[in-house]
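Below, chain A is the first sequence line, B the second, and so on; all start at residue 1.
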Amino acid sequence: MIGIVGYGSYVPMYRIKSSTIAKQWGSDPAAIEKGLMLIEKTVPYFDEDTITISVAAAKNALLRAQIDPQRIGAVYIGSESHPYAVKPSGTVLIDALGIGPHVHVADFEFACKAGTEAMYVAYSHVKSGEMEFAMGIGSDTSQGAPGDALEYSASAGGSAFIFGKENVVAEVLFTHSFTSDTADFWRREYQTYPRHGGRFTGEPAYFKHILGCGRALLEKSGMKPEEFQFAVFHMPNGRFPLKVGKDLGFKQEQMSEGWIVNIMGNTYSGSSITGLTAILDVAKPGDKIFLVSFGSGAGSDGFIFQVTERINEVRDLAPKTREMLNNPNKIYLDYGQYAAIRKKIHFNEY
Amino acid sequence: MAISQRYTREIPHRYRLEAQKFPSGFVSLPRRYVDPISGSREFEKIRLSGKGTILSYTIIYVSADQFKLLTPYAVAVIETDEGARVTAMMTDTNFEDLKIGARVEFVFRKIMEEGASGIINYGYKAKIIK
Amino acid sequence: MRDVAIIGVGLTQFGENWDQSIRDLFAEAALKAMESAKIEKVDSLYVGSMSSGLYAYQEHLGSLMADYVGQIGVPAVRIESACSSGGQAVRMGFLDVASGMHDIVLVGGVEKMWDVEDGTFVLATAADQEYEVYNGVTFPGLYAMMARVYMERYGLTREELAQVPIKNHKHGVNNPYAQFPFEIDLKAVLSSSMVADPLRLLDCSPITDGAACVILCPLERAKEFTDKFVKIRAVGSASGPIAFHDHKDLTRLDAVKLAGERAYKMAGLKPEDIDFVEVHDCFSIAEILVAEELGFFDYGTAGKAIAEGQATYGGKIVINPSGGLKAKGHPVGATGVAQIVEAYLQLTGQAGKRQVSNARFGMTQNMGGSGGSCVVHILEAM
């Protein structure tokens, strides 16, 4: 059996409400909350970035996997906000967690899909027999331009998954990927904020790829939507994943557990996979999970997981995703504080 | 400011809390060659668990330029459960929760950026365990 | 060892000396000291400076200062021990004369602090750069952590702590060289801006430009030059851990205790023999801790004693008649020498309105970092 042997997420404790951003730009808060179905989003503090979030998530995954970090043969971090343009994120992580130096490390980028990409490759290494354990991480501290619709959603967080053959928590039953060249969203070198094609990001991008991947995955597996206890999709806003799930034949109840976007925002490479950890936090042995990510540019990775008995032993070994999201100590920022923390205002260089 | 090579050699201590335990019981996070208490040159390598207790703390309002954006921020002297004394910046912590004797855990965070083009420095900070 | 005398002193005005560079400051104090000792040539030169490299981008002060005070050719070196650089330079000069190596020795201290943007960073280099400064600590922060433990353990109130700078400013009023020769009241201290909780701006010694110099010679030759001279009765120096967190007890400054004990032993004196002491009150709490380590008050009692007036004229001992670092100013590398200058002025009866009457023994205590180094001198009136 090959699958996830340890999983973990990390969510910063700072938040900004959609209504706070809406007020800043003279927009109607109710329209955002209803239209995009976004209440609030996570914000990384000054001292957090994709690397620190990845480390925190991976630490939680190691707590659940209960393995010697030295046995991990590969670490991949998927992100569109790697702190360096040149210099890997993964090297910091392996040295922080005591993995390696005999380890394969790479950073991935594929807009919001880089996390499942990292998982896909990690899983394949284990499946091929090349290594005992491999870790795939998706994490982001994404930025939306001030006043852009993305500012309501672009948030921070991440999840890490260790794949292996022993003590599997969730077996990978099937995978599928669906990719085409579609310029719906991009960010050029030296640019702080991404650009996007507005409504072009919807039907020809998000929906086309998730439906293409999801349908192929159902066909490949011979399974029907009703056989799944849970389904989770990339969550750029609240509305899209619910609609795409419905189009694939899933019902609201199957999707509600992994649908965390209303209180987390879109964590890009960490979006659908943090939904997955929220599901694993409550899933029962035998439950099947349907996951399809989406990354602009564009492509989707699909996974079908089946939860094992082991879940009951590991679930409580690390913080649960919804507990972190509903952290009673979370701190709400006003727009000025948010703009400073996200360095949206120019400071003197010291 | 820690230029790259100076930064790199402290990585085991700052990233993984690798420390030394001397026969007198003295635990040092920085590399040492001699036990400051007994004079012994023998030691055991240990890794700190990342949990400890605040011995004292302050809230810094006037900082070096490097940390200006973070002010006001708290700094604490912490005794780890293994007995190592460590100075750490506090993060994700309400100032009202700071107390001598409060329990803390270490988290891996960005410490500073060396300007817009230099390296990014990482290390431990501490937060109150609630 | 030969007995050593101080035969001349020189000070610059302490403050924001915009027109003076580091060499201007040193030259002014050195030439004044040489004039007061009526000498033109020295045999050896020591200059204490904490961080001329970071403050003024100037190292190699021995050469620079020998050159600019007309002494090229003499052995000339800089002594560095953070904020105790000046006091340690005096100790080196003392050893130079006492050993018989040289007769006339110029010892100075200097710091040009107002030429730098990030002074907080420069001062913090006196702490453990990799394991304290890296994690955001500042010098006020380190002393604030001492204050926090002390106040909690001994019940010292914020108001009582404020009495230290209030007392020192009162003394400083009578010091013409002081940066802040004016009084402050409780309200001013308690409403001054927070620097590192619980320490406020008026708990902290200021940023100061300044220099101080003394001329040393063998005691037996002192009368050749002047009738105003004092004897360096004893010196004690000690080191402590560089990192504040390595102090076993966070309210104790072991290096101060050791340096004090060594000085008392060498002098054959006890705390009650001392008439006044110039201590390193870089922060209000420091004066309290030091007064305890030097044996003037029991542990846990100095704060209340100072607040009750035991450390001023008419009290148990006069602490910081000069106004201390707080009111006089704290040009880091110059401070230890300036303390010696104050003791000289007091013991030769030249301290004017701040004169401690009938003073026979004066002590100076100069400290580096958060107690990583300390040097104590005992001077005797002749």
Closest non-hydrogen atom pair between B:T58 and C:R148, with its separation: CA-NH2, 3.9 Å
Side chains of C:Y134 and B:M112, heavy atoms from C-beta outward: is any pair under 4.5 Å? yes
CD1-CG distance between B:I60 and C:L142, expressed to the nearest 0.5 angstrom: 7.5 Å
Are the side chains of C:Y131 and B:H13 in touch, meaning some heavy atoms are under 4.5 Å apart? yes
For the residue pair C:M145 and B:V75, establish whether any side-chain heavy-atom pair is separated by less than 4.5 Å. yes
Can you confirm whether C:Y57 is buried at OH, in the sense that more than 12 heavy atoms of other residues, nucleotides or ligands lie under 6.0 Å from that atom? no
Is the shortest side-chain N to carboxylate O distance from B:R32 to C:D246 below 4.0 Å? yes
Heavy-atom distance under 4.5 Å to chain C: side chain of B:Y124, backbone, both or neither? both
Proximity breakdown for B:I111 and chain C, heavy-atom pairs closer than 4.5 Å: side chain
Is the count of non-hydrogen atoms from other residues, nucleotides or ligands lying under 6.0 Å from C:R153 atom CZ greater than 12? yes
Looking only at heavy atoms, which two atoms of B:V62 and C:T120 are closest? And how far apart? CG1-OG1, 4.3 Å
For the residue pair B:R85 and C:H245, what are the closest heavy atoms and their distance? NH1-O, 2.6 Å
Nearest heavy-atom contact between C:D118 and B:D65 is OD2-N, 2.9 Å
Greatest number of heavy atom pairs closer than 4.5 Å to chain C - which of B:G123, B:A76, B:A64: B:A64
Once rounded to the nearest 0.5 Å, what's the spacing between atom CG of C:N135 and atom CZ of B:R14? 7.0 Å
CD1 on B:I37 to NZ on C:K248, rounded to 0.5 Å: 5.5 Å
Proximity breakdown for B:A84 and chain C, heavy-atom pairs closer than 4.5 Å: neither
If you measure only the distance, is there a donor-acceptor pair under 3.5 Å linking the side chains of C:D197 and B:Y57? no
Under a 4.5 Å heavy-atom cut-off, does chain B meet the side chain of C:V122, its backbone, both or neither? neither
State, to 0.1 Å, how close C:L250 and B:V77 come at their nearest heavy-atom pair, and which atoms those are. CD1-CG1, 4.2 Å
Atom NZ of C:K304: over 12 foreign heavy atoms under 6.0 Å: yes
